[in-house]
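These values consider heavy atoms only, across backbone and side chains, with no hydrogens, waters or symmetry-generated copies. Just so you know, residue 1 is the first one in the sequence shown, and it goes up from there.
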Amino acid sequence: MATSKVLAGAQVVLPTGTLTNGRVIVEGTRVSGSAPADAETVDLTGHWVVPGFVDIHNHGGGGASFTSGTVEDVLKGIHTHRLHGTTTVVASFVTGEMDFLVQRAGLLSELAEQGEIAGIHFEGPFISPCRKGAHDETLLGDPDPADVRKLVDAARGHAKMVTLATELPGGLDSVRLLAEHGVIAAIGHTDASYEQTVEAIDAGATVATHLFNAMPGLGHRVPGPIAALLEDERITVELINDGTHLHPASFELAFHHAGASRVALITDAMDAAGFGDGRYMLGPLEVEVKDSVARLVEGGSIAGSTLTLDRAFKRSVTVDGLSVEDTVRAISANPAKLLGQYDTVGSLEPGKDADLVVLDASFDVKGVMRKGEWVVEPF
């Protein structure tokens, strides 16, 4: 069992602001409001303590794939991201045969029941062949509500999000179906117009899958989906802040326009995250990772990322000039709220899970705690 700890002397980021020379009290697996007399004190002077990161779009890491790996592989990928501060992760699938995805959903739902993952995200096969990115076009299909329901049912209550090209036949009905079942309908890999995107939002879509990527660009006469997604207060926009997927000006535009309360920083990571360059498989497609950038061997399309959320955090603050508080909202609080898990994760408040990250003055990870246990012990 975890012992009582007092993490003292750091700048602690709370929902109400940053507490200088603050402290976080950990009692067992949770954050506490008071410390017993025998609590261990950990001096974190000169550091930051922020909530554990929450990644709602992640395909794997550490050489392991959430789509096709064994249970041991999946656990390895989860652990790799925990080492980088992600204490809550949703396992994302890429497009595959329906029967295969159903089987995988059943397998990973067991890990969700064990608390290893926060749920399952189906990215495909209900996406546009015009904007397929790193998905096998031969396996794509229209979002027939019956097929969407089949995947949701296979996840046994642990389906958290389905990415759809909502302009395709069945798209709007599938959005309504997902909304009725408490599953996030995300607009992505789409060739939708502005008007079609507005329709999908009105039907119940609430997330933009990796905004800007795999969708038409923002035009001054034909604004496309980006304008609709940025302007609507009901939409949370995913952003991949790795310096490859987005130009800094595009990142700034989205963050400024949507505001800190409507951005979720994600990795869209694939197997190579935290592992290294080389050849990998993303579903049935071969990927080459060179200089930490993943691209399909055939065609050269960007194929996910090798990002970890600690790098996204550091880049957001040191390159893009975001405040630490706004970055915490985008990387912890907002995604936790989307998942309906903000009562347990996403902020440092008494009663919540003791999930936290210790960062040094340069915003590099020095410690990671999950449910009161050090994953990475500081110093």
| message | Looking at every heavy atom in both M281 and D271, which two are closest together, and how far apart are they? | response | O-OD2, 3.6 Å
| query | Are W48 and V317 grouped together when hydrophobic residues (ILVMFWY) are joined by side-chain heavy atoms under 4.5 angstrom apart? | reply | yes
| said: What I want to find out is whether R315 reaches D242 closely enough, with some N-O distance under 4.0 Å, to be called a salt bridge. | reply: no
| When the aromatic ring centroids of H47 and F379 are compared, is their separation below 6.0 Å? | yes
| said: Through direct or indirect side-chain contacts below 4.5 angstrom among Ile, Leu, Val, Met, Phe, Trp and Tyr, which residues connect to V319? | reply: none
| field | Over all atoms of both residues, closest heavy-atom pair of P284 and T95 | value | CD-O, 4.0 Å
| According to the ring pair (Phe, Tyr, Trp, His ring centres under 6.0 Å) rule, which pairs have a member within residues 317-355, sequence neighbours left out? | none
| task | Just say parallel, tilted or perpendicular for the rings of H59 and H57, cut-offs at 30° and 60°. | result | perpendicular
| said: Are L339 and L178 connected into the same hydrophobic cluster when the rule is that any two of I, L, V, M, F, W, Y join if their side-chain heavy atoms are below 4.5 Å apart? | reply: no
| request: Measure up the H189 and H135 rings against each other and bin them: parallel (under 30°), tilted (30 to 60°), perpendicular (over 60°). | output: perpendicular
| Between F53 and F313, does the ring centroid distance fall short of 6.0 Å? | yes
| task | Working to the nearest 0.5 Å, report the span between CG of L282 and CG of L296. | result | 7.5 Å
| request: Measure across V289 and A272 and return the closest heavy-atom pair with its distance rounded to 0.1 Å. | output: CG2-CB, 3.7 Å
